[in-house]
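What follows is a set of notes on a single structure, which appears directly below.
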Amino acid sequence: MASEAARAAEAILMVADEPVEPQLLAQLLEVSPVRVDELCEELAAAYEAEDRGFVLVRVAGGWRFQSHPDLAPYVERFVLDGQPARMSPAALETLAIVAYKQPVSRAQVAVIRGVNADAVMRTLCQRGYVEEVGRDPGPGQAVLYGTSRMFLERLGVDSLADLPPLGDFVPGPEVVEALERGLGADET
Amino acid sequence: MASEAARAAEAILMVADEPVEPQLLAQLLEVSPVRVDELCEELAAAYEAEDRGFVLVRVAGGWRFQSHPDLAPYVERFVLDGQPARMSPAALETLAIVAYKQPVSRAQVAVIRGVNADAVMRTLCQRGYVEEVGRDPGPGQAVLYGTSRMFLERLGVDSLADLPPLGDFVPGPEVVEALERGLGADET
Amino acid sequence: MRVAPGNSVCGDGGSPAGILRGVSYAVQTDVYEGPVDLLLHLILKDEVDLYEISLSRIVDGFLAYLDAAVAALDLELTTEFLVIAATLVDLKARRLLPGPVDVEVDEELALFEQRDLLLARLIEAKTFRDAGGALEVLAQAASRSLPRTAGLEERFLALAPDLLAGVTPADLHAAWLRVSSPAPPPPRVQLDHVAPVKVSVGEAVEDLVARLPGAGLVTFRFLTEGMVDRMEVIVRFLAVLELYKQGLIELGQAMTFGDLEVSWVGEPDSVFAGVDSYDG
């Protein structure tokens, strides 16, 4: 029978996007950091013994699940065949918002796009086009995102200043009309 | 000794960030989709038997790892902002109309609810549970809405066919009688 | 309790009751449970026969809503409410006013039709409300598990196709313009000139109790003189029905579509007993 702490560690590590530090796990599981390392080592040994396709390893100061090195050929095929090869319009729009409005939080991106942007932002971060650049000083301390060096390189520009300026935007007649209507409607 | 295909499935599912369809897994593992489902069911049963803190489930048309529901208290403490806000009764009722009547226009939803449905529909679209799925071929070409893949994920079901049948919710004779009595229809 | 427990999956969380208390709107302006919901709640929860008192409560509840949400007054909602209120007033009036002798068969049929339509809508509304409750149960259960979303490990990222291949700065700019151009605002009806209706059925009853004794035979038209708002007239009509039910007034109608005549028959110092039924 697995211990509650070991099961809780498995659950947390399964949903974590980044390696989880033993100190944080210790706090969540209410055991000592030393005990956390013991538990994780026991789990890792069990997966090994059961010949699982994943491993639990200590990287970058924390614990995380990852695919077993033996199975890299399958994962590579998954990366090549199972992932989109082109940027979707939704992803490109999100990237444009980050590029032009940075630093920007995920919530702000969602407001501009009108739909939840979490999944797309995660993909853009993972691909290295977008990265964390700071924290909002206000309440909640939302993570702020900006575009990366790699983004500029892949797009073939030297700096953000080389992107087409926002000032080029001239609203069409229907937009002007809509704006006027909007202003009129607020008159009392 | 675990089979190579089962191990490869575990490895791929560990690096996937959304449910992986059996067809794709079948192609990568070079087995049939039916065999994929069997393998995944065997894995899920093994995790269950080993009392793991994670589960392998079929959601929104694919397989994915997720944390065991028992361990929600730990995971919630770890993922502070992860809990989706609860939906209002109005949003739930509207979502039910879209889920069971799709594809459906906003006007059709409004007729059933007896009130303008624009605000609620906009919220549901923003949350990503409802999306445009086409246009009414008739005059006016009203936008038609349906539930999204995210809706299935949020509800933890594999497909729309797994929702309880609408017939389950049609009020029984005693309720209909009460309604008739309320409208004074049982007289005369 | 007439409602079988199994038929109430959603549990009715109490929000429809808020309509009557006028409390829930401040936080739920976009989720107003419409007139159909309100009827459903009144009939199934309070178990009132609409013939008894609840129509006035519906009107009072709706007025309370309008009071609280004038800024966001919704024309469709108001129209919907008027249609339902008018149907109900019609239904009640038929049963209160003297015999069906001069009622056209066609009218009677139309009335049945309206009532059946209303019933069908109530059944439909109840069905989807309970279905929504079931979805919530599923969502709650599912929210206890979180999916793995960690994604690719670093060693595989280099393999992943470059999603920016072929994307130019101009494409990016075009994408920005797509999301940043404002969508035309939805058409809005100017309602600023519409004064909110302040009178409740209870107040209308009080007004009638003050005016009618000693006034002799008066017409309903007379009692609603100067009223420009249909809602006010409906409220006044409900007050008249209430007094009739209490046996304080007599109603008469000389001919079909003729003026409704009202005369006070209560004792001069009759204590009006119905005010408490307006509290919801």
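Here is the naming used below: chain letters follow the sequence lines, and residue numbers restart at 1 for every chain.
For a residue to count as touching a neighbouring chain, one of its non-hydrogen atoms must lie under 4.5 Å from one of that chain's; by this rule A/D70 touches chain B with the side chain only. Only the side chain of A/R122 comes within contact range of chain B, with heavy atoms under 4.5 Å apart. Within the 4.5 angstrom heavy-atom criterion, only side-chain atoms of B/E30, from C-beta onward, approach chain A. Looking at A/L43, the atoms closer than 4.5 Å to chain B (heavy atoms on both sides) all sit in the side chain, from C-beta outward. Looking at B/A9, there are no atoms closer than 4.5 Å to chain A (heavy atoms on both sides), in backbone or side chain. When heavy atoms are compared at a cutoff of 4.5 Å, B/L24 approaches chain A solely by way of its side chain, counted from C-beta outward. A/V79 does not touch chain B: none of its heavy atoms, backbone or side chain, sits under 4.5 Å away. With a 4.5 angstrom heavy-atom cutoff, A/A16 touches chain B via backbone and side-chain atoms both. Looking at A/Q27, only its backbone comes within 4.5 Å of chain B, counting heavy atoms on both sides. Heavy-atom distances place no part of B/L13 under 4.5 Å from chain A, backbone and side chain included. Using a 4.5 Å cut-off between heavy atoms, B/E21 does not touch chain A at all.
Ion pairing between B/E50 and A/R52 holds under the 4.0 Å rule for side-chain N and carboxylate O.
The line from CD1 of A/I12 to CZ of B/F78 is 7.0 Å long, rounded to the nearest 0.5 Å. Residue A/L29 holds its CG atom at 8.0 Å from CZ of B/R77, rounded to the nearest 0.5 Å.
With a 6.0 Å radius and a threshold of 12 heavy atoms from other residues, nucleotides or ligands, B/Q23 has its CD atom above the threshold. A 6.0 Å sphere centred on CD of A/E153 holds more than 12 heavy atoms belonging to other residues, nucleotides or ligands.
In this structure, A/A11 and B/L71 approach most closely via the heavy-atom pair CB-CD1, 3.7 Å. Here the closest non-hydrogen pair linking A/R7 and B/D51 is NE-O, 3.1 Å.
Residue with the most contacts toward chain B among A/Q126, A/R113, A/H68: A/H68 (heavy-atom pairs, distance under 4.5 Å).
Proximity of the aromatic rings of B/F54 and A/F65 is defined here by a centroid distance below 6.0 angstrom, and this criterion is met.
Each of A/V75, A/D81, A/L80 was checked for a side-chain contact (heavy atoms from CB on, under 4.5 Å) with B/L28, and the lone residue meeting it is A/D81.
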